[in-house]
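Whatever order the structure lists them in is the order used to number ligands and atoms, beginning at 1. The first residue of the sequence shown is numbered 1, and numbering continues consecutively from there.
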Amino acid sequence: MRQYLDLCQRIIDEGVWINNERTGKRCLTVVNADLEYRVDRNEFPLVTTRKSFYKAAIAEFLGYIRGYDSAADFRNIGCKTWDANANLNDAWLDNPHRKGEDDMGRVYGVQGRRWAKPDGGHIDQLRKIVDNLSKGIDDRGEIMSFYNPGEFHMGCLRPCMHTHNFSLLGDTLYLTSYQRSCDVPLGLNFNQVQVYFFLAIMAQITGHKPGVAYHKIVNAHIYEDQLELMRDVQLKRKPYPSPKLIINPDIKSLEDLETWVTVDDFQVEGYQYHDPIAYPFSV
Ligand SMILES: Nc1nc(=O)c2c([nH]1)NC[C@@H]1CN(c3ccc(C(=O)N[C@@H](CCC(=O)O)C(=O)O)cc3)CN21
Ligand SMILES: O=c1ccn([C@H]2C[C@H](O)[C@@H](COP(=O)(O)O)O2)c(=O)[nH]1
């Protein structure tokens with residue numbers, strides 16, 4: 001929690017105002033932030049200085065694992081975060097590749113599970129990683145990347161957290177995740193949970209101990225309409241200790257994640273938090 005608050009404070013102290021053309025808003029911005037999550041100690045990085053909706057964050061990542069490309073599928077598993085980008089973004093609404101209501105196009109999980117090969121067919125990046133790690137293999141390229149510039153024009157948004165790179169040292173699994181752009185008041189609340197969750201669940205289904213998850217962020221920003229709430233409300237609050245994430249031990253494979261798992265298979269123990277804060281969201 002401390003590292004999250006330190007990053008927020010750093011943006012306020014050192015940030016530079018940058019105009020963002022896509023949203024038409026100014027963002028107070030810093031470059032380069034490194035966060036670490038101790039999955040080995042079960043220190044779940046849930047923000048405590050406001051109520052944080054971890055189930056929606058886990059649902060969103062479960063949708064990526066399943067390769068969803070429809071905001072309706074995300075809604076059905078408990079996550080509304082893609083509604084606006086799929087249905088309220090003018091550039092995407094006018095895009096000939098958009099297949100209709102709720103379509104997100106070739107983003108995130110579509111790239112992770114069905115990356116199109118130029119000579120035909122698809123690559124399932126996640127399946128390969130799970131298969132290798134389950135056999136104790138780390139080929140130093142255990143990477144799932146959502147970042148496919150050749151298909152940016154076929155999706156509603158470029159991926160923000162775009163690459164996940166696993167490492168196996170003995171029987172301990174590590175994850176390094178890369179993010180190019182981070183809405184710290186809203187997006188990072190979810191992204192911290194997701195990086196933690198991804199390492200914890202991959203360790204569980206491949207039969208390893210979880211180690212540390214490293215989260216590397218390039219552009220970290222606060223939108224102009226979020227600044228007051230962050231500076232004068234959230235940063236004035238005292239954080240509570242980290243809660244723990246309890247995962248249903250019956251989840252044993254990628255197929256389990258693809259079929260029967262729901263957000264109720266993930267429980268948080270000992271979550272103390274301050275009142276919710278409704279930060280404005282920019283499309
Ligand atoms: N401007 C922007 N910021 C983001 O963080 C973001 C995007 N766009 N577009 C793609 C996804 C969607 N994400 C989102 C979208 C909405 C919330 C949000 O509204 N969160 C609220 C309530 C969540 C709930 O009730 O489930 C929150 O208070 O955290 C969070 C992340 C993260 N990403
Ligand atoms: O997982 C996510 C997804 C998105 N964001 C934020 C970061 C930016 O504020 C916007 C995306 O805008 P770009 O113009 O494409 O950078 O969404 C996030 O923080 N986390």
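The protein heavy atom nearest to atom 28 (O) of ligand 1 is R50 NH1, 2.8 Å. Scanning all protein heavy atoms for the shortest distance to atom 7 (C) of ligand 2 gives S181 OG, 3.3 Å. Atom 22 (C) of ligand 1 has its closest protein heavy atom at F53 CD1, 3.9 Å. Shortest contact from atom 26 (O) of ligand 1 to any protein heavy atom: A56 CB, 3.6 Å. Considering only non-hydrogen protein atoms, atom 12 (C) of ligand 1 sits nearest to T81 O, 3.5 Å.
Applying the 6.0 Å contact sphere to NZ of K25 captures more than 12 heavy atoms from other residues, nucleotides or ligands.
Residues F198 and Y37 keep their aromatic ring centres 6.0 Å or farther apart. Proximity of the aromatic rings of H221 and Y223 is defined here by a centroid distance below 6.0 angstrom, and this criterion is met. A centroid separation of 6.0 Å or more is found between the aromatic rings of F166 and H208. Taking the six-membered ring where the residue is Trp, the centroids of H274 and Y240 are separated by under 6.0 Å.
In the hydrophobic clustering of this structure, Y273 does not group with F53; members are Ile, Leu, Val, Met, Phe, Trp, Tyr whose side-chain heavy atoms approach within less than 4.5 Å, directly or through other members. At a threshold of 4.5 Å between side-chain heavy atoms, the hydrophobic network of Ile, Leu, Val, Met, Phe, Trp and Tyr places V195 and L35 in one connected group.
Listed by number with element, the atoms of ligand 2 under 4.0 angstrom from any heavy atom of Y223 are 8 (C), 9 (O), 10 (C). Listed by number with element, the atoms of ligand 2 under 4.0 Å from a non-hydrogen atom of R180 are 13 (P), 15 (O), 16 (O). Interface of L186 with ligand 1, defined as ligand atoms under 4.0 Å from a residue heavy atom, comprises 18 (C), 20 (N), 21 (C), 27 (C), 29 (O). Atoms of ligand 2 lying under 4.0 Å from at least one heavy atom of Q179, given by number and element, are 18 (C), 19 (O), 20 (N). Near N191, with a cut-off below 4.0 Å to any heavy atom, the atoms of ligand 2 are 1 (O), 2 (C), 18 (C), 19 (O), 20 (N). Interface of Y108 with ligand 2, defined as ligand atoms under 4.0 Å from a residue heavy atom, comprises 1 (O), 3 (C).
The heavy atom nearest to atom 10 (C) of ligand 1, out of those in N85, T23, D83, is found in N85.
The nearest pair of heavy atoms linking Y279 to Q226 is CE2-O, 3.6 Å. Across all non-hydrogen atoms, the minimal contact from M1 to L46 is SD-O, 4.1 Å.
Below 3.5 Å of separation, one finds no N or O of W82 facing any N or O of ligand 1. Below 3.5 Å of separation, one finds an N or O of D183 facing an N or O of ligand 2. For ligand 2, the polar-atom distance check against R22 finds a nitrogen or oxygen pair separated by under 3.5 Å. Checked against a 3.5 angstrom limit, the closest N/O atoms of G187 and ligand 1 fall inside it. Residue S282 has at least one N or O atom closer than 3.5 Å to an N or O atom of ligand 1.
Using a cut-off of 4.0 Å between Lys/Arg side-chain N and Asp/Glu carboxylate O, D73 and R66 are scored as not salt-bridged. E224 has a carboxylate O that lies under 4.0 Å from a charged side-chain N of R26, or vice versa, which qualifies the two as a salt bridge.
Under the 4.0 angstrom criterion for non-hydrogen atoms, Q194 is not in contact with ligand 2. Distances from ligand 2 to the non-hydrogen atoms of E60 include no value under 4.0 Å. Under a 4.0 Å heavy-atom criterion, Y223 is in contact with ligand 1.
Screening Y68, Y108, F190, W92 for a ring pair (Phe, Tyr, Trp, His ring centres under 6.0 Å) involving W82 leaves a single residue, Y108. The side chain to side chain donor-acceptor pair (under 3.5 Å) test with R98 singles out one residue from N87, N89, D103, and that residue is N87. Shown are F44, Y54, F266, Y64; of these, the ring pair (Phe, Tyr, Trp, His ring centres under 6.0 Å) with F197 is made only by F266.
Residue contacts with ligand 2 for C160 involve side-chain atoms from C-beta outward but no N, CA, C or O (heavy atoms, distance under 4.0 Å). Only side-chain heavy atoms of L157 come within less than 4.0 Å of ligand 1; its backbone N, CA, C and O stay farther off. The side chain of D183, and not its backbone, has at least one atom closer than 4.0 Å to an atom of ligand 1 (non-hydrogen atoms only; side chain from C-beta on). The side chain of F281, and not its backbone, has at least one atom closer than 4.0 Å to an atom of ligand 1 (non-hydrogen atoms only; side chain from C-beta on).
Atom 33 (N) of ligand 1 lies below 4.0 Å from none of the non-hydrogen atoms of the protein.
A side-chain donor-acceptor contact under 3.5 Å links Q194 and N191.
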